[in-house]
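Side chains included, hydrogens not; waters and symmetry mates left out as well; all remaining heavy atoms used. Each chain gets a letter, A, B and so on, in the order its sequence line appears, and its residues count up from 1.
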Amino acid sequence: MSDLSTYNIYALNERTAIIELGNIIDQTLNNKVLAIQSWLTKHPFPGMKDLIPAYTSLTVLYDPFYINEAYSPEKGVFEFVKDKLLLACQPAVMEEASEPRTISIPVCYEPSLGYDLKLVAAAKNLRIEELIHLHCSATYRIYMLGFLPGFPYMGKVDERLVMPRKSVPRPEVEAGSVAIAGWQTGIYPVRSPGGWQVIGRTPFKLFDPFSEQPVVLSPGDNVRFFPISLAEFKSYENNQHVDNHH
Amino acid sequence: MSITIIKQGILDTVQDCGRYGYSAMGINPGGVMDPFAASVANFLAGNTNNEPVIELHFPAMQVLFHEPALISICGADFTSCIHEEPIPTWQPVMVNRNALLHFQKWRWGARAYLAIHGGFKMVKWLGSYSTNIKGKAGGYFGRPLAKDDLLHVNMEENGDGGFNPSCYLSARQYYRTLHWGVHEKNVYAEEGNFLIIPGPEFNWLDEASKYQLLHSTFSVAPHSDRMGYLLNGQSLHPSNHIEMISSGVDTGTIQLLPNGQLMILMADRQTTGGYPRIGNIIGAHLPKLAQLHSGAELRFQLTDIATAEQMLFSQMRNLRIIERSCHDHFNQLYAHN
């Protein structure tokens, strides 16, 4: 039996529907979003084009003209799609347990790579070693990917590390930059303008367009960071460079 | 058969209808800004809608054709010329070997589409030819076209049984216009008027702001681009300050920025957004939206999903008629070959 009070399905426009599960950042809620996404991926309705999971919602893109031509739904295409989405919101689907992976990501916390490392430490009244320790002590959940190919939105950082975004974003942040904004931590997979506070850099490649699996991380994964030295960082980079030639 | 870019334009990219199925990875669909003009360009060039096209901004590139080709340019009017002679848009044109295509003067619109019969020979990335500039993948090596770039065109594979443009041109002709085209362009009528579906956060606006949204005129600010249009106009305000959690957006989503300005998300938008979604421009108005240049005016009016669906279907049916009509014209052309 479905509990309609726990979710809301509405039309963003005539080709996009949104399943909204709440408005607080919560792991259980996010798990439900991912469960619905997983079910719809396995049971796509005719005309479904794309699924975008976010913290507490799933956006569903579809082709309304295709659906109209194939099914001539009496109550209009959105109602047809809404009925399909209701099937995906059953408790049995939402309570589907997932097996999260935990991925360990090496980070070099050097001021030359972490442009804002000293700034954040000073602002939060921490020694750099304490900052690194705090960042590495927690297991972060990836709530969603967005903004750039493979950019993970992860949380929550220790409250002693919470820092607002930069008031003026940097025009360019290097690929691999590990950063903090608010209670979130993230990694820039490609070189990009960036407004988050960059505290280090990882040699780990989050996005490779030519790989069979272009994006390595998934929503629902757990991530832990571990510190590496500048020398280790450089040797990781060189090894990856060698791998690319094979 | 190939073409060479003789001079680089400000932003010319290979695009198709977009890359769907990967938004969950942060890989946004992208694709053409004006799907109507891009589709018609393909149909007039005797292609299906699946072929990649080149999306041009002004100032646009200069292109040299190494072999005769059938092309069509639809969308914005940048005064397309073969050597010194203007050629029509929204019609099929045969161009000869060594014809130089360039764009002399901006007249209307913002994006033009160049389609070539047979389509460009390139490799798909994740199921699409669209260029993802942030990811540096898709289209022509994941980047805008530059001087000396060479693009190959499919000639043999399209199963035409040997459609040969050189049969239609004498050695002295640089080009020849074919006699059919698309002249009724209701898609762009009522310039500046846009129908919107009220967004999930429409009611966050205070009453005065709701009134301003629906009764004042906004304009496209400079620095607007494929990612989004920043709008100049009345500053709008929420009635309460509420934190937004990042959630789903689409092309045509109108966001309220912290400084009171509006931003309309366009083809290269990110997959999610953290600002209140005030409204969403209907699909049938996206071609008109795509053709707004810097300074162009916009006025918004509310509508509902049923109207939005009907207007989109009407446009899609019209496109289907255009496709069939072009197909018939081509069959007649081959019959006289």
So, for L145(A) and A24(B), which heavy atoms are closest and what is the spacing to 0.1 Å?
CB-O, 3.4 Å
Minimum heavy-atom distance I24(A)-I245(B), with the two atoms named:
N-CD1, 3.8 Å
Do V77(A) and F313(B) pass the side-chain contact (heavy atoms from CB on, under 4.5 Å) test, and can you show the C-alpha distance, the side-chain angles, and the key distance before you say yes or no?
CA-CA 11 Å; V77(A) 172; F313(B) 301 159; 3.7 Å; yes
Looking at every non-hydrogen atom in both residues, tell me the closest pair between G146(A) and T271(B) and how far apart they are.
CA-OG1, 3.6 Å
Test item: E69(A) and R317(B) side chains (from C-beta on) under 4.5 Å apart, heavy atoms
yes
Can you say whether S247(B) sits under 4.5 Å from chain A via the side chain, the backbone, both, or neither, judging by heavy atoms?
both
Does any non-hydrogen side-chain atom of Y55(A) lie less than 4.5 Å from one of S246(B)?
yes
Is there a donor-acceptor pair closer than 3.5 Å between any side-chain N or O of E14(A) and the backbone N or O of G283(B)?
yes
Sort I18(A) into side chain, backbone, both or neither according to what part of it lies under 4.5 angstrom from a heavy atom of chain B.
side chain
Would you mind checking which part of T307(B) comes under 4.5 Å of any heavy atom in chain A, side chain (CB onward), backbone (N, CA, C, O), both or neither?
neither
Counting heavy-atom pairs closer than 4.5 Å to chain B, which one of E79(A), R191(A), R15(A) comes out on top?
R15(A)
What part of I196(B) gets closer than 4.5 Å to chain A, counting heavy atoms only: side chain, backbone, both or neither?
neither
Just checking L214(B): does its CG atom have more than 12 heavy atoms from other residues, nucleotides or ligands closer to it than 6.0 angstrom?
yes
Please state whether the side chain, the backbone, both or neither of F207(A) comes within less than 4.5 Å of a heavy atom of chain B.
side chain
In terms of heavy-atom contacts, L12(A) and G248(B) come closest through CD2-O, 4.1 Å
Residues from residues 33-49 of chain A approaching chain B under 4.5 Å (heavy atoms)
Q37(A), K49(A)
More than 12 heavy atoms of other residues, nucleotides or ligands under 6.0 Å from OH of Y275(B): is that the case?
no
What are the residues of residues 148-173 of chain A, in order of number, with any heavy atom under 4.5 angstrom from a heavy atom of chain B?
L148(A), P149(A), G150(A)
Y22(B) vs D50(A), test: side-chain contact (heavy atoms from CB on, under 4.5 Å). Steps then yes/no.
CA-CA 7 Å; Y22(B) 304 92; D50(A) 212 346; 5.6 Å; no
Is the closest side-chain heavy-atom distance between I282(B) and N13(A) below 4.5 Å?
no
